[in-house]
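As the structure is a prediction and not an experimental result, all values here were calculated from the model. The first residue in the sequence is number 1, and the count goes up from there.
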Amino acid sequence: MAPSTPRLVIPIDLTKKPWEQNFPLHNRWHPQLPHVAEVKAGELFRVEMTDWTAGAIKDDDSAVDVKSIDLSTVHYLSGPIRVVDEDGTPAKPGDLLVVEILNLGPLPGDEWGYTATFDRENGGGFLTDHFPCATKAIWYFEGIYAYSPHIPGVRFPGLTHPGIIGTAPSLELLNIWNERERELEENGLQTLKLCEVLHSRPLANLPTTRGCVLGKIEKGTTEWEKIAREAARTIPGRENGGNCDIKNLSRGSKIYLPVFVDGANFSTGDMHFSQGDGEVSFCGAIEMSGFLELKCDIIRGGMKEYLTPMGPTPLHVNPIFEIGPVEPRFSEWLVFEGISVDESGKQHYLDASVAYKRAVLNAIDYLSKFGYSKEQVYLLLSCCPCEGRISGIVDSPNACATLAIPTAIFDQDIRPKNKKVPVGPRLVRKPDVLKCTYDGNLPITKNPSTST
């Protein structure tokens with residue numbers, strides 16, 4: 001007998017706010033968030049999701065919504081979902097939860113997405129000292145392909161995936177997160193040198209009641225106040241999985257997530273139509289609403305069997321990911337290298353982040369020779385199917401990072417030639433990304449990639 005249609009366990013109404021949904025969304029990690037749905041191991045089920053802002057970013061002709069967005073509200077997730085075995089026994093701490101992605105895509109009738117950079121005073125990003133303005137590009141979907149009126153001459157297939165998929169932390173693990181991130185936020189400026197090069201602030205996103213949404217827990221109650229002050233933000237990936245932004249977790253992938261609470265209570269969201277390695281513009285994938293069709297399994301005692309703690313407690317583990325068999329095929333790439341020397345010429349020791357920043361800046365400057373603004377290229381490299389690599393991490397003092405861009409996504413030949421870059425109407429890209437002014441006072445890095 002053919003398998004049944006996946007059961008819709010969390011539907012989404014895009015006309016409603018996250019807290020108005022029949023299965024209310026949440027934007028924090030906490031062990032005491034009640035589950036909104038339950039599934040059995042081996043069952044096929046479907047989860048729907050808003051985009052990570054729940055509709056705050058619009059399909060319009062302005063980037064003001066990006067400039068003014070309240071980042072305390074992100075990310076809106078569907079769940080938690082409790083997982084039980086065929087006998088009804090829930091997943092237990094120490095188990096592994098296997099989540100298989102069977103199918104996924106945009107929500108019908110909402111086939112569009114966006115890529116953006118935040119204002120340097122509100123979120124910033126990887127190259128915020130070079131590109132301090134809020135910008136936005138809208139993308140429209142044609143089946144598996146995406147194109148943008150704001151970045152013309154480019155079309156590519158998406159490798160669609162959820163940016164966030166993770167299990168609920170235990171209270172012990174939650175306390176570990178909050179303690180180590182608070183230490184970083186309070187003392188990092190005095191002890192860390194990398195933050196002086198990447199210019200990104202804040203160093204961590206600590207628990208806050210501002211913008212907090214806790215699913216079924218009613219705002220204003222004593223329970224809500226307590227949990228909101230403890231619950232972890234969804235910004236970084238952690239031991240529970242979470243915001244890993246791994247672009248290859250598409251159809252056919254499996255995620256092996258550690259279980260820290262009864263039922264696992266896994267959640268998902270932040271759907272991406274496409275993303276480049278690193279998601280360098282921060283709001284950098286093609287963000288969209290969407291759905292996942294999933295199947296779960298439970299490996300009893302799997303954490304101890306398969307995951308070795310890389311830290312002082314048995315909780316210091318990380319998920320395992322199995323990449324699916326479906327992804328776009330490209331045969332020709334243009335590869336840009338970066339080394340761990342920053343824009344001031346200062347040498348850093350085997351620093352892969354500085355090296356990757358240099359690779360991205362090199363690619364931006366090069367592609368801007370072909371009629372694009374540097375803001376267009378920055379957004380493009382964040383969301384197109386480019387591939388980042390740490391090519392060398394042992395040859396002192398320079399780490400070597402590379403960024404490979406598939407040449408087939410362009411409607412022109414972007415490879416170097418004996419003759420100079422051709423000039424003509426085909427290369428004049430008059431449309432630009434939607435852009436706001438930068439009204440802050442933070443210093444801007446001066447080098448060839450800071451201006452168009």
Side-chain angles (χ1 to χ4, degrees), residues 2-27 36-37 39 43-61 65 74-79 81 99-116 136-150 155-165 215 245 247-253 266-275 283 285-296 324-328 383-385:
S4 59
T5 300
R7 177 169 67 96
L8 179 59
V9 298
I10 300 182
I12 286 293
D13 183 342
L14 293 174
T15 66
K16 293 183 177 180
K17 302 293 185 183
W19 49 89
E20 296 172 341
Q21 301 289 335
N22 290 338
F23 297 83
L25 310 184
H26 65 100
N27 60 10
V36 299
V39 299
E43 177 185 6
L44 307 185
F45 62 97
R46 178 180 171 117
V47 179
E48 295 182 347
M49 292 154 281
T50 66
D51 80 285
W52 66 279
T53 73
I57 306 300
K58 305 296 184 183
D59 178 8
D60 59 18
D61 295 322
D65 49 5
V74 300
H75 303 78
Y76 287 111
L77 305 181
S78 294
I81 298 173
V99 182
E100 183 175 3
I101 299 176
L102 305 174
N103 194 17
L104 75 178
L107 287 182
D110 202 44
E111 291 92 353
W112 71 279
Y114 57 90
T115 307
K136 181 172 75 174
I138 302 296
W139 297 86
Y140 299 112
F141 309 148
E142 296 177 332
I144 65 170
Y145 292 95
Y147 72 94
S148 173
H150 303 117
R155 184 174 184 261
F156 52 82
L159 185 54
T160 303
H161 61 281
I164 297 180
I165 190 164
D245 288 323
K247 75 172 193 284
N248 303 88
L249 295 182
S250 192
R251 289 177 180 85
S253 297
F266 89 92
S267 302
T268 185
D270 188 29
M271 283 292 289
H272 298 164
F273 186 84
S274 176
Q275 181 200 300
C283 184
I286 299 180
E287 311 284 351
M288 68 173 194
S289 65
F291 73 90
L292 292 175
E293 292 179 354
L294 305 170
K295 181 172 69 172
C296 290
V326 181
E327 61 181 54
C383 68
C384 77

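Looking at heavy atoms from C-beta onward, L104 lies in side-chain contact with M271 at the 4.5 angstrom threshold.
By the side-chain contact (heavy atoms from CB on, under 4.5 Å) test, Y147 pairs with Y140, E142, sequence neighbours left out. Residues satisfying the salt bridge (Lys or Arg N to Asp or Glu O under 4.0 Å) criterion with R46, sequence neighbours excluded, are E48, E293. Checked against side-chain contact (heavy atoms from CB on, under 4.5 Å), D60 has the following partners two or more places apart in sequence or in another chain: K58, S62, D65, K136. Applying the side chain to side chain donor-acceptor pair (under 3.5 Å) rule to T160 yields no partners; only residues at least two apart in sequence or on another chain are considered. Applying the ring-ring contact (aromatic ring centres under 6.0 Å, His included) test to H161 and every residue at least two apart in sequence or in another chain returns H272. Qualifying side chain to side chain donor-acceptor pair (under 3.5 Å) partners for Y114, counting only residues two or more places apart in sequence or in other chains: D51, W52. Looking at residues two or more places apart in sequence or on another chain, you find a side-chain contact (heavy atoms from CB on, under 4.5 Å) between P106 and E111, F141, M288. Take E100 and apply the side-chain contact (heavy atoms from CB on, under 4.5 Å) test, not counting sequence neighbours, and it matches L102, K254, K295. Under the rule for a ring-ring contact (aromatic ring centres under 6.0 Å, His included), H150 has no partner lying at least two apart in sequence or in another chain. With sequence neighbours left out, the side chain to side chain donor-acceptor pair (under 3.5 Å) criterion links S78 to no other residue. Residues passing the ring-ring contact (aromatic ring centres under 6.0 Å, His included) test with F23, sequence neighbours excluded: none.
F266 contributes atom CZ, which lies 5.5 Å from atom CG of L294 (distance to the nearest 0.5 angstrom). To the nearest 0.5 Å, atoms OG1 (T50) and CD1 (I12) are separated by 5.5 Å. How far OG of S267 is from CD1 of I164: 9.5 Å, rounded to the nearest 0.5 Å. Summarising the geometry, atom CG belonging to N103 is positioned 11.0 Å from atom CG belonging to L44; distances are rounded to the nearest 0.5 Å. L249 contributes atom CG, which lies 8.0 Å from atom CD1 of I165 (distance to the nearest 0.5 angstrom). Remark: S253 OG to I101 CD1 distance equals 5.0 Å, nearest 0.5 Å.
The heavy-atom pair separating G158 from S274 by the smallest distance is CA-CB, 3.9 Å. Scanning all heavy atoms of the two residues, the minimum distance from C383 to A285 falls at CB-C, 3.9 Å. Closest non-hydrogen pair, P157 versus Y145, comes out as N-CD2, 3.6 Å. The two residues S148 and A137 make their nearest non-hydrogen contact at OG-CB, 4.0 Å. Shown here for V36 and P24, the closest heavy-atom pair between the two residues is CG1-O, 4.1 Å. Closest approach of L159 and S250 over heavy atoms only: CD1-CB, 3.6 Å.
For residues 5-16, the salt bridge (charged side-chain N to carboxylate O under 4.0 Å, His left out) pairs, not counting sequence neighbours, are R7-E43.
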Original post:
Can you list the steps and then say if V74 with N27 is a side chain to side chain contact (heavy atoms under 4.5 Å, CB included)?
Top reply: CA-CA 6 Å; V74 300; N27 60 10; over 6 Å; no

Original post:
For E287 and D270, what are the C-alpha separation, side-chain angles and deciding distance, and is it a side chain to side chain contact (heavy atoms under 4.5 Å, CB included)?
Top reply: CA-CA 7 Å; E287 311 284 351; D270 188 29; 3.0 Å; yes

**OP:** Could you walk me through whether L107 and F291 pass the side chain to side chain contact (heavy atoms under 4.5 Å, CB included) test, one step at a time?
**Re:** CA-CA 6 Å; L107 287 182; F291 73 90; 4.2 Å; yes

